[in-house]
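In what follows, a structure is listed as structure tokens, so that the remarks can point back to it.
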Number of protein chains: 2
Amino acid sequence: MGEYENAQQLDAVFSAMADATRRAILARLAESDARVTEIAGGFTISLNSTSKHIRMLERAGLVRRSVRGRDHVLSLDATQMQSAARWIQRYQPFWEDRLASLDAFVTRKRVAANQGKKNR
Amino acid sequence: MGEYENAQQLDAVFSAMADATRRAILARLAESDARVTEIAGGFTISLNSTSKHIRMLERAGLVRRSVRGRDHVLSLDATQMQSAARWIQRYQPFWEDRLASLDAFVTRKRVAANQGKKNR
DNA sequence: TTCATATTCACCCATAAGGGTGAATATAGG
DNA sequence: CCTATATTCACCCTTATGGGTGAATATGAA
């Protein structure tokens with residue numbers, strides 16, 4: 001398989017998505033832009049920890065920040081998610097093959113069970 | 001956005017994919033099954049480090065191992081990749097919107113440039 | 001049995017994550 | 001000017017990563 005992506009960028013994107021809190025932040029920003037405090041309000045962790053998560057999302061390029069006075073308004077930028085999606089998509093044949101063979105197995109089993117019994 | 005996935009599993013899958021060496025191992029296994037030493041041969045890092053990477057991939061469910069005597073044969077299991085792909089895919093509208101609005105912006109700018117001298 | 005190969009185990013080291021707290025900074029609003 | 005709010009900075013602590021080395025273990029082969 002090709003290795004023509006930006007490895008470091010993928011590192012940052014995948015590791016940014018590797019945390020449930022950060023995924024929840026992304027989900028929150030998918031609904032609407034929000035300030036840091038607004039986002040932090042949805043979690044039990046401290047404002048400071050939330051701020052750090054946001055910084056990681058920013059470094060990964062998944063979130064943009066626009067400072068308006070003392071408020072920092074954050075918005076989702078899904079561009080880098082597409083890179084990650086494209087990387088994973090190259091493996092789609094593999095999980096489809098797996099499902100296909102599982103399906104074939106189930107079908108075989110069902111056919112065997114139907115020897116003498118008619119259902120479904 | 002829904003939060004009905006297994007968060008811990010996604011944590012493991014995404015963090016497993018967040019390392020270039022491990023992504024290369026997955027790419028290698030996409031070509032064919034391989035033993036630990038065969039995989040390690042493709043990297044400059046030690047056999048031990050490779051072994052650890054493989055263990056992480058195993059824990060994330062991305063790689064399966066079948067022990068044949070002293071050889072451990074590894075194979076790709078892309079099932080968990082599909083979970084990751086599904087999670088990311090929910091954001092597809094966002095990167096498509098972004099491309100669409102960028103395109104609209106460029107078009108607008110081009111139109112403006114063609115109407116004499118319009119700038120900021 | 002003896003030797004070679006394949007793999008992991010048990011450590012060591014440095015760095016980054018993820019959480020916390022308290023202080024500093026910047027801006028909004030009286 | 002003064003005070004409250006929004007956010008970050010500078011630390012502390014614990015755990016995980018990513019790399020290394022040398023030893024242990026298991027199996028194949030002679």
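The structure presented is a predicted model; accordingly, all values stated were derived computationally and were not measured. Within every chain, numbering begins at 1; the chains are lettered A, B, ... in the order of the sequence lines, protein sequences first and strands thereafter.
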Separation of [N] [atom2] from [X] [atom1] (nearest whole Å):
| X | N | atom1 | atom2 | result |
| --- | --- | --- | --- | --- |
| A:Ile45 | C:dG19 | CD1 | P | 5 Å |
| A:Ile54 | C:dA17 | CD1 | P | 16 Å |
| B:Arg55 | D:dG19 | CZ | P | 13 Å |
| A:Arg70 | D:dT3 | CZ | C1' | 11 Å |
| B:Ile25 | D:dG18 | CD1 | P | 11 Å |
| B:Asp71 | C:dA6 | CG | C1' | 6 Å |
| A:Asp11 | C:dA16 | CG | P | 13 Å |
| B:Phe14 | C:dG18 | CZ | P | 14 Å |

Q. Looking at D:dT5, D:dG20, C:dG19, which one has an atom nearest to any side-chain atom of B:Lys52?
A.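 Looking only at heavy atoms from C-beta outward on B:Lys52, the closest nucleotide is D:dG20.
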(Q) Can you identify which nucleotide, out of C:dA6, C:dA17, D:dT21, has its nearest atom closest to the B:Ser46 side chain? (A)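 It is D:dT21.
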Is there a side-chain contact between [X] and the phosphate of [N], meaning an N or O under 4.0 Å from OP1 or OP2?
| X | N | value |
| --- | --- | --- |
| B:His72 | C:dA6 | no |
| A:Ser51 | D:dT8 | yes |
| A:Ser49 | C:dG20 | yes |
| A:Arg35 | D:dA6 | yes |
| A:His53 | C:dA17 | no |

Q. Which pair of non-hydrogen atoms, one from A:Val67 and one from A:Gly69, has the smallest distance, and what is that distance?
A.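 Closest pair (atom of A:Val67, atom of A:Gly69, distance): CG1-O, 3.3 Å.
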Q. For B:Tyr91 and A:Ala78, which heavy atoms make the closest approach, and how far apart are they?
A.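 Minimum heavy-atom separation between B:Tyr91 and A:Ala78: O-CB, 4.1 Å.
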(Q) I'd like to know if the side chain of B:Arg23 reaches the main chain of A:Ala7, judged simply by a donor and an acceptor atom lying under 3.5 Å from each other, with no hydrogens or angles considered. (A)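 Here the side-chain-to-backbone pair exists.
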(Q) Taking A:Ala16's backbone N and O only, do any of them form a donor-acceptor pair with A:Arg22's side chain (distance below 3.5 Å, no angle check)? (A)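 Yes, A:Arg22 side chain to A:Ala16 backbone: donor-acceptor pair under 3.5 Å.
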(Q) Just to be sure I understand the rule, does A:Arg22 reach a base, reach only the sugar-phosphate, or reach nothing, if contact means heavy atoms closer than 4.0 Å? (A)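 Answer is sugar-phosphate: A:Arg22 comes under 4.0 Å of backbone atoms only.
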**Q.** Most 5' of B:Glu38 and A:Arg68 on DNA chain C, judged by nearest nucleotide
**A.**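 This one resolves to B:Glu38.
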Q: By nearest nucleotide on DNA chain C, pick out whichever of A:Gly69 and A:Met56 is the more 5' one.
A: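 Final value for this comparison: A:Met56.
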Q.
I'd like to know if A:Asn48 reaches the base of C:dT21 with its side chain, counting only an N/O donor and acceptor under 3.5 Å.
A.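 Pair found.
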Q. Can you name the one residue among A:Val13, A:Leu57, A:Val63 that meets side-chain contact (heavy atoms from CB on, under 4.5 Å) with A:Gln80?
A.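 Of all the options given, the one that passes is A:Val13.
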Q: Tell me which of B:Leu47 and B:Arg59 sits closer to the 5' end of DNA chain D, going by the nucleotide each one is nearest to.
A: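 That would be B:Arg59.
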